[in-house]
Amino acid sequence: MTASLTAAPAIVRTIAELRMQIKDYRRQAGEHASVGLVPTMGYLHEGHASLLRRSAADNGLTVLSIFVNPLQFGPNEDFDRYPRDEARDLAVAADAGADIVFMPSVGEMYPRPAATRVTVSGVSERLCGASRPGHFDGVGVVVTKLFNIVQPDKAYFGMKDAQQVAVIERMAGDLNQPVDIVPCPIVREADGLALSSRNVYLSETERSEALVLSATLARVPEWIAADATAERLKAAVTAGIAASPLADIDYVDVLTFPDMQPPQADLKLSDSRERLLVAVAVRFGRTRLIDNILIPAAEA
Ligand code: AMP
């Protein structure tokens with residue numbers, strides 16, 4: 001299918017229409033059919049575009065979903081003010097090679113309140129799972145619904161949300177969901193700030209202070225090489241971030257990846273046989289940002 005190179009993506013708002021278009025594609029492409037899914041909440045940036053480009057390179061049909069999923073937001077979170085810009089999203093989607101943009105309403109996705117939850121215990125319990133109760137259950141539901149609706153061969157997720165990758169890989173494995181989960185590297189601004197739709201909330205001062213996150217995480221390999229344990233590494237990262245007067249730390253943690261468990265307390269992290277995730281969540285004003293580094297880095 002060459003649509004991604006030439007035509008604007010098809011805009012689809014209903015599940016029935018999406019299923020029909022994917023069925024048509026599969027019928028035409030026959031045994032070579034391959035469908036990639038990139039689930040997002042919109043307000044697209046270069047991070048999302050990198051996922052789309054990867055999917056377009058791997059698959060004959062790339063479906064981008066844009067859905068701000070109420071189920072994964074807590075009562076005092078930013079569901080109502082989450083940024084939205086359909087026209088700009090469509091331009092980014094076209095440029096990055098999406099073939100179909102699925103933009104359902106809340107009523108289309110949840111014609112009645114979902115009584116089902118998908119809970120991935122263990123991996124979802126720390127970090128954002130602890131500070132955003134119910135968040136990953138909501139992610140589990142919406143991603144499972146999207147997998148069932150689209151039935152993709154591959155689905156693309158950013159390591160910006162490393163715990164989400166761990167949760168979804170575990171969910172897909174546990175439930176035999178017939179899809180390959182493809183983790184993609186974090187895309188950053190030239191000055192190091194991890195791209196996020198929420199960056200638009202930041203004032204100029206908050207944005208420049210937020211650089212402390214990537215700058216501090218960049219020093220993690222050096223601290224590990226100097227024989228840090230998890231506690232000492234956490235202390236070093238916390239002190240690095242606390243150097244910014246505006247930083248209000250939600251969590252700083254060091255966990256094994258993808259199991260998301262604390263490493264042995266007395267282990268020199270340089271001796272770890274498991275991969276390590278150093279993850280932070282920090283508020284600057286009203287904006288909560290997350291960032292992380294994986295050691296050793298994930299393969300791109
Ligand atoms: P969101 O719209 O924030 O739910 O993100 C949709 C997908 O894009 C998720 O898989 C995110 O991990 C991924 N993503 C968001 N920001 C970035 C980034 N800076 N680099 C790579 N992937 C990202």
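Counting begins at 1 with the first residue of the sequence. Note that ligands are numbered from 1 as they come in the structure, with each ligand's atoms numbered from 1 the same way.
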I need the contact type for [X] against ligand 1. Using non-hydrogen atoms and a strict under-4.0 Å cut-off, is it side chain, backbone, both or neither?
| X | answer |
| --- | --- |
| Pro185 | backbone |
| Arg188 | neither |
| Ser197 | neither |
| Leu51 | side chain |

List ligand 1 atoms under 4.0 Å from [X], heavy atoms only on the residue side.
| X | result |
| --- | --- |
| Pro39 | 6 (C), 7 (C) |
| Ile186 | 20 (N), 21 (C) |
| Val187 | 18 (C), 19 (N), 20 (N), 21 (C) |
| Leu195 | 16 (N), 17 (C), 18 (C), 19 (N) |
| Thr40 | 2 (O), 6 (C) |
| His45 | 15 (C), 16 (N), 17 (C) |
| Phe157 | 10 (O) |

Do the charged groups of Lys268 and Glu231 touch, with an N to O distance under 4.0 Å? no
Requested in this report: Before accepting this row, confirm whether a basic side-chain N of the pair Arg26/Asp153 lies closer than 4.0 Å to the acidic partner's carboxylate O.
Outcome: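 Yes, Arg26 and Asp153 are salt-bridged.
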_Option set Val139, Leu193, Asp161, criterion heavy-atom distance to atom 11 (C) of ligand 1, minimum_ =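 Among Val139, Leu193, Asp161, the closest heavy atom to atom 11 (C) of ligand 1 comes from Asp161.
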| said: Whether Arg84 engages the ring of Tyr43 as a cation-pi pair (distance to the six-membered ring centre under 6.0 angstrom, angle to the ring normal within 45°) should be assessed. | reply: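 Geometry flag: not set, cation outside 6.0 Å or 45°.
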**Q.** Residue among Thr14, Ile22, Leu18 satisfying side-chain contact (heavy atoms from CB on, under 4.5 Å) with Phe102
**A.**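 It is Leu18, the one option of Thr14, Ile22, Leu18 that forms the side-chain contact (heavy atoms from CB on, under 4.5 Å) with Phe102.
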A quick test of your reading: do over 12 heavy atoms of other residues, nucleotides or ligands sit less than 6.0 Å from NZ of Lys234?
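Yes, the 6.0 Å shell around NZ holds more than 12 heavy atoms from other groups.
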With Tyr156 as partner, the option from Asn59, Asp180, Thr62 fulfilling side chain to side chain donor-acceptor pair (under 3.5 Å) is Asn59
How far is atom 5 (O) of ligand 1 from its nearest protein heavy atom, and which residue and atom is that?
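For atom 5 (O) of ligand 1, the nearest protein heavy atom is His48 NE2, 3.4 Å.
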